[in-house]
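A short worksheet on the structure shown next.
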Amino acid sequence: DAGVIQSPRHEVTEMGQEVTLRCKPISGHDYLFWYRQTMMRGLELLIYFNNNVPIDDSGMPEDRFSAKMPNASFSTLKIQPSEPRDSAVYFCASRGTSGVRTYNEQFFGPGTRLTVL
Amino acid sequence: AQSVTQLGSHVSVSEGALVLLRCNYSSSVPPYLFWYVQYPNQGLQLLLKYTSAATLVKGINGFEAEFKKSETSFHLTKPSAHMSDAAEYFCAVTSSDGNKLVFGAGTILRVKS
């Protein structure tokens with residue numbers, strides 16, 4: 001299994017530009033999570049999906065952030081317009097249920113390091 | 001609400017010494033507990049998990065953790081630290097609805113030669 005795949009691994013953009021981060025969860029997993037990690041705030045849950053449906057987006061910082069999951073194998077996190085304070089590492093994670101208890105173990109991708117100048 | 005407290009944002013040990021990373025949790029339901037490790041510039045990797053099968057849980061790389069309900073603790077230990085153990089460690093508990101993980105703030109482990 002390839003694990004959770006994220007792209008790009010690094011993104012440098014200028015303030016005001018649109019940024020799109022991509023995630024491919026582990027095949028068969030029905031939960032997908034987006035996190036943001038910064039030195040100041042640590043690891044924050046932004047939003048999570050179950051069966052492609054957003055369940056809880058209370059962690060999304062503001063309307064500039066949006067996330068979609070058009071199918072079971074792909075999700076995007078978009079920031080428009082981007083600001084320097086959005087600079088962080090963004091992680092995607094997935095987990096499965098599949099009728100067998102997985103005890104909520106999440107599998108993390110390698111992250112996307114975003115720098116907004 | 002579920003919460004996790006990791007005592008000590010930074011822990012420094014000598015190579016070969018005991019590693020002890022502390023985690024206390026608060027949970028309104030029987031908890032599932034996890035330790036994750038994050039090496040520099042990488043994602044989080046599961047070290048071990050407590051799922052009520054056994055109170056002493058063994059994980060990868062020689063780490064283990066003991067679930068103590070009376071103390072609401074799930075401390076992570078390793079008898080002998082290696083330089084390669086230098087990383088950030090996160091303790092996590094399942095949310096009350098069972099869908100999410102609630103993470104602690106993390107502990108950065110430094111191993112001195």
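Chain letters run A, B, ... following the sequence lines, proteins first, then strands; residues in each count from 1.
- Note on B/Y39 and B/W35: same hydrophobic cluster, where clusters join Ile, Leu, Val, Met, Phe, Trp and Tyr whose side-chain heavy atoms are under 4.5 Å apart, directly or indirectly.
- Note on B/V19: it clusters hydrophobically with B/V11, by side-chain heavy-atom contacts below 4.5 Å among ILVMFWY residues.
- Contact residues of residues 67-78 of chain A toward chain B are absent (heavy-atom distance under 4.5 Å).
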Evaluation steps, side-chain contact (heavy atoms from CB on, under 4.5 Å), between B/F34 and A/Q106: CA-CA 10 Å; B/F34 305 82; A/Q106 294 181 19; over 6 Å; no
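- Per-residue heavy-atom pair counts under 4.5 Å with chain B were compared for A/Y48, A/F107, A/F108, and the maximum is reached by A/F108.
- Hydrophobic clustering of Ile, Leu, Val, Met, Phe, Trp and Tyr side chains at less than 4.5 Å, counting indirect connections, keeps B/Y36 apart from A/Y90.
- Counting heavy-atom neighbours within 6.0 Å of B/R22 CZ, excluding the residue itself, gives a total of 12 or less.
- Close approach to chain B, defined as a heavy atom under 4.5 Å from one of its heavy atoms, is seen in A/Y31, A/F33, A/Y35, A/Q37, A/L43, A/L45 of residues 31-47 of chain A, taken by number.
- Taking the side chain as every heavy atom from C-beta outward, A/R113 and B/N41 approach each other to under 4.5 Å.
- Residues B/L46 and B/F90 share a single hydrophobic cluster, defined by chaining ILVMFWY side chains whose heavy atoms lie under 4.5 Å apart.
- Considering all non-hydrogen atoms of both residues, A/F91 and B/Q38 come closest at CZ-NE2, 3.2 Å.
- For A/N50, no part lies under 4.5 angstrom from a heavy atom of chain B.
- At a 4.5 Å heavy-atom cutoff, B/Q45 makes no contact with chain A through either its backbone or its side chain.
- In this structure, B/I60 is a member of the same hydrophobic cluster as B/F74, with clusters built from ILVMFWY side-chain heavy atoms closer than 4.5 Å.
- Counting heavy-atom neighbours within 6.0 Å of B/E15 CD, excluding the residue itself, gives a total above 12.
- With a 4.5 angstrom heavy-atom cutoff, B/L44 touches chain A via backbone and side-chain atoms both.
- Chain A forms more heavy-atom pairs under 4.5 Å with one residue of B/A105, B/G106, B/G98 than with any other, namely B/G98.
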